[in-house]
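So that the names make sense, note that chain A is the first sequence line, chain B the second, and so on, each numbered from 1. Predicted model only: the values in this text are computed from it and were never measured.
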There are 4 protein chains.
Amino acid sequence: MTLPNPSPGGPGVPGTARPSSQGARRPRADAQRNRARILAAAEAVFAEKGPSASTDEVAARAELAIGTVFKHFPTKQALQQALMRDLLSDLTREVQALTTDGDPATSLFGFMTRVVEQAAQKKTVVGLLADTGVVLQVADSLLLLRDGLEGLLARSQQAGAVREDARADEVIALITGFSQGALHARWDRDLRHRTLALVFDGLRPPGARRSSRPAAGSPGCAP
Amino acid sequence: MTLPNPSPGGPGVPGTARPSSQGARRPRADAQRNRARILAAAEAVFAEKGPSASTDEVAARAELAIGTVFKHFPTKQALQQALMRDLLSDLTREVQALTTDGDPATSLFGFMTRVVEQAAQKKTVVGLLADTGVVLQVADSLLLLRDGLEGLLARSQQAGAVREDARADEVIALITGFSQGALHARWDRDLRHRTLALVFDGLRPPGARRSSRPAAGSPGCAP
Amino acid sequence: MTLPNPSPGGPGVPGTARPSSQGARRPRADAQRNRARILAAAEAVFAEKGPSASTDEVAARAELAIGTVFKHFPTKQALQQALMRDLLSDLTREVQALTTDGDPATSLFGFMTRVVEQAAQKKTVVGLLADTGVVLQVADSLLLLRDGLEGLLARSQQAGAVREDARADEVIALITGFSQGALHARWDRDLRHRTLALVFDGLRPPGARRSSRPAAGSPGCAP
Amino acid sequence: MTLPNPSPGGPGVPGTARPSSQGARRPRADAQRNRARILAAAEAVFAEKGPSASTDEVAARAELAIGTVFKHFPTKQALQQALMRDLLSDLTREVQALTTDGDPATSLFGFMTRVVEQAAQKKTVVGLLADTGVVLQVADSLLLLRDGLEGLLARSQQAGAVREDARADEVIALITGFSQGALHARWDRDLRHRTLALVFDGLRPPGARRSSRPAAGSPGCAP
DNA sequence: AATGAATGAGTTTTCATTCAT
DNA sequence: AATGAATGAAAACTCATTCAT
């Protein structure tokens, strides 16, 4: 939400010295920072007001002139696509980190829960997904996410915690659908978790099924 | 050289205008019919172009003047709410009809499947749901639907085809989420049905579970 | 904020607006009038400031809201094309009127002179012609003008006042080129006429040639 | 006058002025070259897209940063004026060269033909001329051209190939007008030449007149 | 000198809504 | 009741110009 940091080099490593020791501020390398500022502002604004919020508002939130926003992203749609891509690649990165960690099914269900919970707060992703033009252009990022999920899913299946016939496509479908639903004000955290628990049960193999659902606050995502 | 273009049903003879309250030609029946025309047009237009399609387009599709649309629905939001209400009450009516018919779980799963399939074609409902303003105003209609579902759900549970701890809220949540997801072009009918089958399994009681999912085209909604 | 102002009724008398007898004012048939107002304003504005003058300025000059202008002409280009077409059809009408009147060569040379003189005042046509997009779309109107000229030219040739091998295409080329040139502030009326006289001599048959050019103010357009 | 500089003239491709490396010191020679690059780019861009093409595009075509363009020409108008001046002085130079060469009338008509043909390809000059602001500022260059033409015209008249009462002003008017007309896509080379032939006949003295026009491709510019 | 990111006023265009007929 | 022209605020996008590096 706040100024993320430029990727290359990292902030702590002043290896290659630039003409001035450290105070790169406005221009050049700062275009990088401004791009990030814009994306952060866009995330906040679209989350708050929905994808039809004005680009002007994004610029204001980023404390930049409108021209700057359009210089970085030549159309509003381009900005939204970039935002989508970033969000999806964050998810992909998270999934990839999980793949190597502890119990796979716990990881999988936990991941799904977190995504849905986040969507409940920032309606960005979902709001944007509704805009057909945006989804289509971002299909490649979605595929990357699916690839990441496939590994986690396979490991969960090998551990016997997820039914054999489940596919990554279906997991994404579940995530997407729920993220959409999570927007609605009428859904409280409790309802989200109870419903997710149902779905998790549907994903478990015949024997591993919970006969009763958890209390509020715990979606029963332990394997 | 000019633009005036007569609408098809137009009553010609524009000279009859007297701004006072005299010659009422058409009775309320006509207004009634126009209201329906507008709603039908709105459903089609919003389904095609999303909820931000212009009211002008709705008027054009209804073959009515824009003023007429705003006379029936004083704001665009009011029109969308009325549309939502109509759609929800259709669903409610459908559920109520099902309640008395044959096997309740078959009915329930079939109903859910149909809703999702419809959403895949007309993105209306879901598109509108994304607009917070609209959902909130329509809560009462949603409650009616939930009431209807509750009966069907209860009967399915009594028949042993649905787990005891499932609630109507959750069913609605599942429907809503899936309807949103169903918008995405990447989801084909097959994926929708496979994913629904997972969810149905999650809804079944511990013993009634399918150990393997159905072939394409059949979502396994038999109890 | 500014209500459109009734132009034709003259100033003052802000009292009661009578809906009938005298002058239809605002709506319906007045769309017609507004279309004309817009075109008149556009002619004036583009003539004064060139074709890149803003549509806002046209609206202001027409004393109409900007939305009204765009309702009549959905893009700026469409407005400019309509303007072009109108101007060309005026010329065409003028040529057709001439065809039946007195001495044809006098008519022809007089017509050419008038067009060039007008262009010197309203640079509209020519300014717009420079905008490629506009010219191409208006080719049909140009053809009509050429057809009109063809008759006049043929009669001039039969009367022996214009050389046999001249074609309407060439006359249009001459008119267009001169109209462009007439824009330039450095060309005064005298220069325009002297140069036109040269051209007219080029159009005359071998024997009918003027051995010396006319004094300023008279382009020598008598046959 | 300038100090011979080690690096820039060096071995290799002379045309590449891409602002590449750092260490090399660029002297005035480089600025000189950049000025020329900008003007060349401007000619190309304005020819293609008209005088309202953006300065950014000029910079891109010149492969220079936008700041560099504005350093050389402090406003867009200044750039267009400089361009105009360059083009006019090219013409002036050409006329001066012709003055001393062979048959003057052949030279004159040939020159006029060439200018018009060029204008048909690059609409620069004419497009810019339409912009009043530019023409006025460039009057001095135009005067130089007129002076050049005056000599050529006088010699043509002495040779008896051009009528005595023709003036340089009129020749320029003819050239300008035709150059404008030459823009129009509908004018093909044949039409241009046929129309020029008419005008040349108008310029000839009473006896020297062509009784019939030339075939396509030859504007009849022999005396 | 060159660079190119940032600026922000200006332009085109859209659209919900009003209102006179 | 219906009509549809007019409104005008707001949105998306452009571009000449400035300025810190």
> In whole angstroms, how far is the C1' atom of E/dG10 from the NZ atom of C/Lys49?
Replying inline: 14 Å
> What closest approach, in Å, do B/Gln137 and B/Gln81 show between heavy atoms, and which atom pair accounts for it?
Replying inline: CG-NE2, 2.8 Å
> Do NZ/NE/NH1/NH2 and the carboxylate oxygens of B/Glu48 and B/Arg61 come within less than 4.0 Å?
Replying inline: yes
> List DNA chain F stems (3 or more consecutive Watson-Crick/G-U pairs, under 3.5 Å)?
Replying inline: E:2-21 with F:2-21
>> Test side-chain contact (heavy atoms from CB on, under 4.5 Å) on D/Val134 and D/Leu83; report intermediate values, then the result.
In response: CA-CA 10 Å; D/Val134 174; D/Leu83 179 53; over 6 Å; no
> Would one find a side-chain N or O of B/His72 under 4.0 angstrom from OP1 or OP2 of F/dA2?
Replying inline: yes
>> Nearest whole Å is fine: how far is F/dA1 P from B/Arg33 CZ?
In response: 14 Å
> In whole Å, what is the span from the CD atom of A/Gln32 to the P atom of E/dA5?
Replying inline: 11 Å
Below 3.5 Å between N/O atoms, which protein atoms pair up with nucleotides 13-15 of chain E? Just atom names and distances, please.
residue	atom	partner	partner atom	Å
E/dT13	OP2	C/Lys76	N	2.8

>> Nearest to the D/Ala31 side chain among E/dA2, F/dT7, E/dA5, which nucleotide is it?
In response: E/dA2
Can you give me every donor-acceptor pair (side chain of residues 66-76 of chain B, partner residue at least two apart or in another chain, under 3.5 Å) with its distance?
residue	atom	partner	partner atom	Å
B/Thr75	OG1	B/Gln77	N	3.4
B/Thr75	OG1	B/Ala78	N	3.0
B/Lys76	NZ	B/Pro51	O	3.4
B/Lys76	NZ	B/Ala53	O	2.9

> Nearest-Å distance, CZ (A/Arg37) to C1' (E/dA5)?
Replying inline: 14 Å
> Taking atom C1' of F/dT14 as reference, at what distance in whole Å does atom CD of D/Glu57 sit?
Replying inline: 12 Å
>> Whole angstroms only, please: what is the CG-P distance between C/Asp30 and F/dT7?
In response: 10 Å
>> Using whole Å, what does the distance between atom C1' of nucleotide E/dT11 and atom CD of C/Gln80 come to?
In response: 13 Å
